[in-house]
Amino acid sequence: MAIVEELHINGSRRVVHADAERSLLSVLRDDLDLTGSKYGCGEGRCGACTVLLDGRAVRSCSTPVSTAADTEIQTIEGLAKDGKLHPLQEAFLKHDALQCGYCTCGMIMSAVALLNRDPDPSREDIVRFMNGNICRCGAYPRILAAIEEAARMMKGGRK
Amino acid sequence: MNERIVDDLLREPERYELFEEAFWGTELDRRAFFRVVGSGLIVACAGSEAIAQQPGRGRRGGFGAAGPKELGAWLHIGEDSAVTVYTGKVEIGQNIRTALTQVVAEELHLPLERIRLVMADTQWTPFDFGTAGSSSTPRMAPQLRRAAAAARELLLDLAAEQGQVKRETLGLQDGKVVTTDGKALFTFGQLTQGKKLMKVIDDTTPTTPAEKWTRAGTSLPKVDGRDFVTGAHRYASDIKRPGMMFGKVLRPPCFKAELLKVQTAEAEKLPGVTVVRDGSFVGVAAATEQEAAKALALLRAQWKTLPQPSSEELFEYLKKHPSRGDGGFGGRGARDSRGSIAAGLKAADRQLQATYTIAYIAHAPMEPRAAVAEWNNGKLTVWTGTQMPFRVRSELARAFDLPEERVRVIVPDMGSGYGGKHSGEAAVEAARLAKAAGKPVKLVWTRQEEFTWAYFRPAGVIEVTAGVTDDGTLTAWECHNYNSGGSALRTPYESANVHTEFHPTDAPLRQGSYRALAATANTFARETHMDDLAHAIGLDPLAFRLKNLKDGRLRAVLETAADRFGWGKGKPADNHGFGIACGTEKGSYVATCAEVAVERGNGRVKVLRVATAFECGAILNPNHLKNQVEGAAVMALGGALFEAIRFANGKILNPRFADYRVPRFADVPLFETVLLDRKDLPSAGAGETPLIALAPAVGNAIFQATGVRLRSLPMAPKGVKAS
C-alpha cells in the first residue's frame, strides 16, 4: 500500500501518513483539520471541495492524495495573508455573496484559479468557468458581481 | 377568540411540516440561570408568544401563566457589559442571526459586535418548535425586541437610582447610559455588577416603531461573514472530537426492504472496526472514512424487497389512493367553499378545466445530513444540522430511552435546509455507532444517501375548473389538490362561487416540508389557469387579475412588478415571451414578471429577465431580503423547468448531481427586484414566499413565446416541443 508522507500546503510542509488512494479532501479535512474545503457530492459535480494544485482548480473529493504529493496545494485557509483578506474574500463580503456559506470556500478557490488564468474575464467567461460550482441558495448574481469586483481590485494593483 | 389565537389558526402549519410532539425540557430556575451565565441582568420572554411557538399543543397552562420553564428566549447582560441572547432558532443561511442581532441592537442602542447570539443549543436555549414556516421574523424578532427593550428600561431604572439623577434625563448610547447632554454615566457592566436581577416580561413593553429604526431596517452585513469566507466557520460536518471515528450505515437496496440476514464477520476482522447490528440497523465505525467504507463493503446482507410504484405512474397512483383523514394541519385551512360552482359555471361565457401535475423534487442542501455524536457518563451530545433541534433531542431521547435532559443537541449555523432537515436521522445513526464504539463518531451522509433517504417535496395532482364572463368576471373557481398540500390553495381572487379542497393520498415516497410547501404547486396551477382564462376572453393577463383582485397588498406588488418590467409597453422579440403571476402566503406578497426565449428546433428555454416585487411588512435588512428573494427565484427555476426525482421499485434513479440537474450560473436571469417596505405593518418571514410566482410567470411567458401551455412541473426538462 503506497503511503503519502508529506504535502506542501499553503506554503508549509505538512507531514501526513495517508494511503495514496485516499481523496485529497479527506486528508485535508480529517488528517489536517483544514475543513474549509467541503464535501458536497464526492464526484466533482458541485465544486464545494475546490482547492488549487499549482494554481489550478481541482475537485479535491475526486483527486487521490498521491496526485497532490508533488504540487503546491492552496486551500481557503491560506488565502488571507497576515490577517488581510484576499480581494475575492473582501468582495464576497462586500456583496453578501453567500447565504448558508457552505459553497463559499469552493466558489472563492475556483474564482482564484480563474483570475490566475485570466485577470480580466468577461461575464460569459466567469459563468463558463464557474458553472461547475453549485450554490443551492442561489446567490449566483452576487457571486458574479463579487468576482468582477475582485478582478477590478486586483487590476488596480491591490494584492 | 383572541386575535392571536385566530392568527395562529390562520397560520396553522401544513401537515408536511412534519411536526410531532415535543416536551418542555428547559427547567431552568432563577438560581440555575445565574449559575450558568454568571451574575448580571437577565430578561426573559414569556407568555403567549413562546407558547404559541409550539403548534398543535402546548397552550397548556394558558396565556400569561408562563414560568421560567416556558420561555421563548432570553437575554443576559454580564458584568463585563457583554450582551448575550439565547434563542432556539437555527441559522440556515437565511441570515436570521444578523436580523435578530439588529433587532436587539436597535433597542439597546448598541453596535452589533457587542451582541452575541447563542442559537439552537438545547442545553442553553429555551424550547423552540423549529426554524420553519417563515416564523422566525414574525415570532422571534418581536420576542427579542421586547426582551431588549425591557433590559433597556431596567438599565435606565438602575442608572437613575445609582446616579441619583432623574430617569427622564437618561438614555442609551453605544452601550452606555448617557445624560441628555451626552455625558456618559455608566457602562452596562457597572450597572449590573454583583447583581442577580431577573425580569420576566410580557407583551406590553414599549418597543421602537419601525419608522424610528436606525440599526434594524438597514443593510448591515452578515454578522459573522468573515468566518464563512475564510473557512473558519465549523458546520456540523466540520466538528472534530478527540478520538473521533467515522461511521457508515448499511442502506437497503430499495425502500421498504426487510433485512433477512447479514454477515458481519469479514468486516469485524478489520483492525479497529466496530460493527453494530441493532434490529434492521447495521453500521460500522472506523478510524478513517476510507476504512469505514472498506468495512461497509465487506458486509453481506440479504433483503426481502417489494414491487413499488414508479414515477411513470405517479399521478394515476395518487388519484387512485386516497387516504383517510381530514388532511391534517393545513388541509383544513385550505378548504374554502361558498356559493355554487354549478351556478357559477352556468353564468360563465367561458369554462376552462385543466389538470396540473407536480413532480417529486429534492432539497439537495449543499451540506448533506451530518452528525457528530459523543457519549459521556450516560449523557449524549450531538452536533448536527437540523432545523428542529428540540425535535431531534426528542428523537434521540426516545431512541436511547434517556430523559431529555441527558441529551444535548447543538446546531452550528448550517449548510442550508430549505425545509429538508426537520428530522434527525444522521444524529440517531451517529449516536448508535458512538455508543457501540465507545468513542465519538462522525457520520456524514453521501450525496447519494441524501438524495435517497431524506424526504422529498410532495408530488401532486391539481384539478381546476373555472368560469369567466366575457367582461372578465370570475364566476366560478374550483380547485382540488391531491397530495401536494394545502398551502396557498385558497384563491386570493374574488368570486361568488368558490370551492377549494385538499385531498390527502397515500404517497409512494417519503415526503415532507420543502421551502414554500405546496404554495409553489398551488400558485403554479392557479396563476397558469388565470392566464389561460385571460387569453380565452382576450383580456390582458394583468388587467384580468386586477379586475378580480381586491387585496391591496397583492395588487401593490402586482402593479409594481408590472411597472418595473414594463408590462404592456412593448412586444417580445420572435421566440420570446412575457409572463406574469402573483401570490401570497405566510403573510407576505410576491409578483413576478418573466421574459423567456425558446430556441427554435431544440425547444430549450432560457429565462432572460425576472422582475419581482415583494412585500413582507417592515423590512429588517433590505440587502439580505433581496438576497433571499433572488435566491428563492433561482431555486424555484429548478423546480419550474427541470428538477424531478425519478424512481421505480423503491429506488431513486437519479440520486446524483450528474443526473439531477439543479440551477447553475448559466441558468441565472437578469434580476430586477423591488422591495416594498411597509413600516406600518409587522415584519413577516421572507424565506419561502418569493419562490411561488416564478414558475407560473415563466410558464405563461413560454405560452406567449410558443403557444404551448405547460401544466406540469417541471415544465421543460427536455425543452418545449413546438405545438
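Keep in mind the model is a prediction, meaning the values are calculated, not measured. Here is how names work: the chains are called A, B, and so on, in the same order as the sequence lines, proteins then strands, and each is numbered from 1.
Taking 4.5 Å as the limit, every side-chain heavy atom of Asp30(A) sits out of range of all side-chain heavy atoms of Met244(B). Proximity of Lys240(B) to Thr35(A): side-chain heavy atoms (C-beta onward) are nowhere separated by under 4.5 Å. The shortest distance between side-chain heavy atoms of Ser26(A) and Thr288(B) does not fall below 4.5 Å. Side chains of Asn623(B) and Arg142(A) form a contact here, defined as non-hydrogen atoms less than 4.5 Å apart. Residues Tyr418(B) and Arg136(A) are in side-chain contact: their nearest non-hydrogen atoms beyond the backbone lie under 4.5 Å apart. No side-chain heavy atom of Phe665(B) sits less than 4.5 Å from a side-chain heavy atom of Ile126(A). The shortest side-chain heavy-atom distance between Ser237(B) and Tyr102(A) falls under the 4.5 Å cut-off.
Atom CG in Leu34(A) sits 11.0 Å away from atom CG in Asp238(B) (nearest 0.5 Å). Note that CZ of Phe228(B) and SG of Cys105(A) are 9.5 Å apart. Values are rounded to the nearest 0.5 Å. Note that SG of Cys41(A) and CE of Met366(B) are 7.0 Å apart. Values are rounded to the nearest 0.5 Å. With rounding to the nearest 0.5 angstrom, the NZ atom of Lys222(B) is 13.5 Å from the CZ atom of Phe92(A).
Interface remark: of the candidates Leu98(A), Ile143(A), Thr104(A), Leu98(A) forms the most heavy-atom pairs closer than 4.5 Å to chain B. In terms of heavy-atom pairs under 4.5 angstrom with chain A, the leader among Pro221(B), Ala364(B), Ala370(B), Ala632(B) is Ala364(B). In terms of non-hydrogen atom pairs under 4.5 Å with chain B, the most contact-rich of Gln99(A), Lys94(A), Arg22(A) is Gln99(A). For the set Glu77(A), Arg128(A), Met130(A), the entry with the most heavy-atom pairs within less than 4.5 Å of chain B is Met130(A). Contact tally against chain B (heavy-atom pairs below 4.5 Å) for Leu79(A), Leu144(A), Asp31(A): the top residue is Leu144(A). The choice from Met635(B), Gln94(B), Glu367(B) that makes the most heavy-atom pairs within less than 4.5 Å of chain A is Glu367(B). Taking chain B as the reference chain and counting heavy-atom pairs below 4.5 Å, the highest number among Gly138(A), Cys46(A), Ser37(A) is found for Gly138(A).
Closest approach of Cys137(A) and Ser416(B) over heavy atoms only: SG-CB, 4.2 Å. Between Pro663(B) and Tyr140(A), the closest heavy-atom pair is O-OH, 2.6 Å. Nearest heavy atoms, Ile134(A) versus Arg664(B): CD1-NH2, 3.3 Å. Here the shortest heavy-atom pairing between Val229(B) and Gln89(A) reads O-NE2, 2.8 Å. In this structure, Arg45(A) and Phe657(B) approach most closely via the heavy-atom pair CB-CB, 3.9 Å. Across all their heavy atoms, Val668(B) and Pro141(A) have their closest contact at CG1-CG, 3.9 Å.
Residues Asp33(A) and Arg234(B) are paired through a salt bridge, judged by an N-O separation under 4.0 Å between the basic side chain and the carboxylate.
With sequence neighbours left out, the ring pair (Phe, Tyr, Trp, His ring centres under 6.0 Å) criterion links His363(B) to Tyr455(B), Tyr514(B).
Residue Asp70(A) qualifies as open at atom CG: its count of foreign heavy atoms under 6.0 Å is 12 or below. Within 6.0 Å of the CD atom in Glu6(A), the count of heavy atoms belonging to other residues, nucleotides or ligands exceeds 12.
No part of Phe451(B) comes within reach of chain A, as not one of its non-hydrogen atoms sits under 4.5 angstrom from that chain. For a residue to count as touching a neighbouring chain, one of its non-hydrogen atoms must lie under 4.5 Å from one of that chain's; by this rule Glu43(A) touches chain B with the side chain only. For His624(B), the part sitting under 4.5 Å from any heavy atom of chain A is the side chain, from C-beta outward, and nothing else.
For Asp96(A) and Asn627(B), the side-chain atoms include no donor-acceptor pair closer than 3.5 Å.
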